[in-house]
Amino acid sequence: MTATNEPSFRESVDLMFNRAASLMDLPPGLEEKIRVCNATYTVRFGVRLRGDIHTFTGYRSVHSEHMEPVKGGIRYATAVNQDEVEALAALMTYKCALVETPFGGSKGGLCIDPRKYEEHELEQITRRFAYELAKRDLINPSQNVPAPDMGTGEREMAWMADQYARMNTTDINSRACVTGKPLNAGGIAGRVEATGRGIQYALREFFRHPEDMQKAGLSGKLDGKRVIVQGLGNVGYHAAKFLSEEDGSKIVGIIEWDGALYNPDGIDVESVRQWIVKHGGVSGYPDATHSAEGGAVLEEDCDILVPAALEGVINLSNADRIKAPLIIEAANGPVTAGADEILRKKGTVIIPDMYANAGGVTVSYFEWVKNLSHIRFGRMQRRQEEARHELIVSELERLDRYLGDAWSMSPDFKAKYLRGADELELVRSGLDDTMRIAYQSMREVWHSRDDVEDLRTAAYIVAIDRVSKSYRAKGL
Ligand code: NAD
């Protein structure tokens, strides 16, 4: 996807790291220690399918173990390679530091096109891959905890968790070996939507700061903002759905693998999603103009561009034609280092991947804690909270009767106030808090230092500073 004269994904991440590190005062040698990937394990394994032995190649890369377990998704795609998993593992280190989840960074991948296999075949392949990783503690509740990424979801995580449990029958914490599991297999409410929800919370926080909006030449609220989304998978779908249904944004473009939809009056996200589920792509969708050359829609006029599919899609070949004044990197690495430079000079504001898509790992952290504590969030306090609220409400009702027409409770106040928070509400509240605080830590650096021009450099500075403090506390 990237132009041939561009650095690889990993080199791109390193260049962005170096840019930030050069503005910091790190002890000699520590910069290099933080940047390099600690280890990458490559596995080739065979699975008998359809009467033949098929050989698969998979990776699990551990970037930094300054905190353990290390955390990061497992991706199923044909383009998976060592360079890519190492870049993604590095981003996980910085991401976890930025949003203060107590993990090091890791990432995995399997070279496979999941669409070519039946469900039972995928299960066989996934279980075998999980076996190879678990055997080497590359899946382990206290050392290495995978999660879903492109091409994987709850189903694959459930298979992996079960495979680990079969291999570690006395491990009481076995469910904490992967996150992103279905609710009935130890998952947590709100994990599937988490990364898209995080994009929404990130944008809401951005739009709370007029100074930041001004840098992008934007004003007002999310309501009415024109949005183009690339990739209507887990992340893109949830982000687009929440932005349009809850914040009043208008989704004017949707780019998928088989082309793009464009409609300046807005596109109904849910109906496109249902179309994709039924037909496999966006082609033929009736209520928008379809163009086979999807990438060109990245360059259309809009207020917010949300690349939520692949890395390197905004690169030297198209960066100068990108019109969006604000890009939020829902995917990992959608903007190459070269494109980043061009966009920065143009004044485009980029909310960087390591922050923007951290909703997934944040809720994964909550799931991991839930698994280790063996209790659902809210189970102990929910009814007690309701009983205390009941006390206040009955007191207000007494007042209501006493004051007659002069004052009365609004009709839905009682029901809303009485209800104690369930797990989903608690998860969303924890995610919202995390996204707000992490944004504020980035913008503080962005605004307080003249040598920091952009949010990405600010994000790296916050993250590198935290990782370096961990290493120094360990005596390095
Ligand atoms: P997904 O597999 O659910 O969705 C990816 C979508 O992109 C699919 O709809 C696919 O058809 C589409 N797509 C593929 N090739 C395309 C192309 N050439 N042009 C346009 N669209 C294309 O994956 P996901 O989990 O949504 O992940 C998307 C990105 O978000 C990845 O970069 C991933 O690393 C990142 N991410 C995901 C999570 C998570 O929780 N799932 C968390 C953090 C970051």
Side-chain angles (χ1 to χ4, degrees), residues 1-2 9 13 71-80 84-85 87-89 91-92 94-96 98-99 101 105 107-109 112-115 146-157 178-181 187-188 190-199 202 228-241 253-261 269 272-273 275-277 279-283 291-298 305-314 328-335 352-365 367 431:
M1 187 75 67
T2 53
F9 186 11
V13 171
K71 190 105 191 60
I74 290 189
R75 175 176 286 199
Y76 281 7
T78 46
V80 162
E84 184 186 75
V85 288
L88 292 165
L91 280 176
M92 282 306 298
Y94 312 134
K95 189 180 303 183
C96 290
L98 183 65
V99 295
T101 52
K107 200 80 179 193
I112 186 174
D113 179 355
R115 280 178 288 204
D149 195 73
M150 238 164 85
T152 58
E154 287 189 329
R155 184 182 65 174
E156 287 73 16
M157 298 306 114
V178 297
T179 56
K181 303 176 292 290
I188 193 167
R191 175 58 184 92
V192 175
E193 65 166 43
T195 311
R197 184 64 79 183
I199 298 292
I228 293 178
V229 183
Q230 183 187 41
L232 211 65
N234 178 300
V235 179
Y237 161 68
H238 286 104
K241 184 178 164 73
I254 293 177
I255 308 163
E256 257 294 331
W257 65 274
D258 63 335
L261 302 175
V269 175
V272 177
R273 173 75 162 195
W275 185 271
I276 295 176
V277 169
H279 303 276
V282 290
S283 308
S291 52
E293 187 29 68
V297 174
L298 284 172
L305 180 60
V306 189
L310 314 163
E311 55 259 20
V313 291
I314 300 171
I328 179 158
E329 295 182 327
N332 283 306
V335 177
D353 46 8
M354 86 168 75
Y355 163 70
N357 66 35
V361 76
T362 301
V363 177
S364 275
Y365 168 45
E367 181 178 334
L431 174 60

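Just so you know, ligand 1 is whichever comes first in the structure, and atom 1 is the first atom listed for that ligand.
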Review point. Would the number of heavy atoms belonging to other residues, nucleotides or ligands and lying under 6.0 Å from OH of Y365 be above 12?
Key: no
Check your understanding: Can you check whether T195 has an N/O within less than 3.5 Å of an N/O in ligand 1?
Key -> yes
Check your understanding: Can you tell which part of R191 has a heavy atom less than 4.0 Å from ligand 1: side chain, backbone, both or neither?
Key -> side chain
Practice item. Would you check if the side chain of E84 reaches a backbone N or O of F9 as a donor-acceptor pair within less than 3.5 Å? Key: no
Review point. Hey, does the side chain of K107 reach the backbone of I74 with a donor-acceptor pair shorter than 3.5 angstrom?
Key: no
Review point. Which atoms of ligand 1 are found less than 4.0 Å from any heavy atom of N357?
Key: 43 (C), 44 (C)
Review point. Step by step, would you call V272 with E256 a side-chain contact (heavy atoms from CB on, under 4.5 Å)?
Key: CA-CA 11 Å; V272 177; E256 257 294 331; over 6 Å; no
Check your understanding: Atom CZ of R75 and atom CG of L88: how far apart are they, to the nearest 0.5 Å?
Key -> 5.0 Å
**Study point:** Nearest candidate to atom 27 (O) of ligand 1, where distance is taken over non-hydrogen atoms, out of M150, E193, E256
**Key:** M150
Point to revise | Closest to atom 41 (N) of ligand 1 among D353, V192, V235 (heavy-atom distance) | key: V235
Exercise for review: Compute the shortest N/O to N/O distance between N332 and ligand 1 and return yes if it is under 3.5 Å, no if not.
Suggested key: yes
Point to revise | Any donor-acceptor N/O pair, D113 side chain to T78 backbone, under 3.5 Å | key: no
Review point. For V363 and E193, what are the C-alpha separation, side-chain angles and deciding distance, and is it a side-chain contact (heavy atoms from CB on, under 4.5 Å)?
Key: CA-CA 10 Å; V363 177; E193 65 166 43; over 6 Å; no
Exercise for review: Please indicate whether any nitrogen or oxygen in K107 is less than 3.5 Å from any nitrogen or oxygen in ligand 1.
Suggested key: no
Practice item. Report the distance from atom NZ of K95 to atom OG1 of T101, rounding to the nearest 0.5 Å. Key: 9.5 Å
Exercise for review: Mark up the atoms of ligand 1 that fall under 4.0 Å of a heavy atom belonging to Q230, in ascending order.
Suggested key: 19 (N), 20 (C)
Review point. Would you say E311 contacts ligand 1, with heavy atoms under 4.0 Å as the rule?
Key: no
Study note, to complete from the structure: The atoms of ligand 1 lying under 4.0 Å from a heavy atom of L232, numbered in the order shown, are 9 (O)
Revision key, fill the gap. Honestly, for A330 the part within reach of ligand 1 (heavy atoms, under 4.0 Å) is backbone
Check your understanding: Is there any N or O on G151 that sits under 3.5 Å from an N or O of ligand 1?
Key -> yes
Revision key, fill the gap. One should read off an interatomic distance between M92 CE and K71 NZ, to the nearest 0.5 angstrom, of 6.5 Å
**Study point:** N/O separation below 3.5 Å, D149 to ligand 1
**Key:** yes
Practice item. Measure the distances from the heavy atoms of G294 to every atom of ligand 1 and state whether one is below 4.0 angstrom. Key: no
Review point. Of the choices P114, A308, A331, which has the non-hydrogen atom that lies closest to atom 28 (C) of ligand 1?
Key: A308
Review point. Given the rule in the side-chain contact (heavy atoms from CB on, under 4.5 Å) test, do H238 and N234 qualify, once you have shown the distances and angles that lead to the verdict?
Key: CA-CA 6 Å; H238 286 104; N234 178 300; 3.9 Å; yes
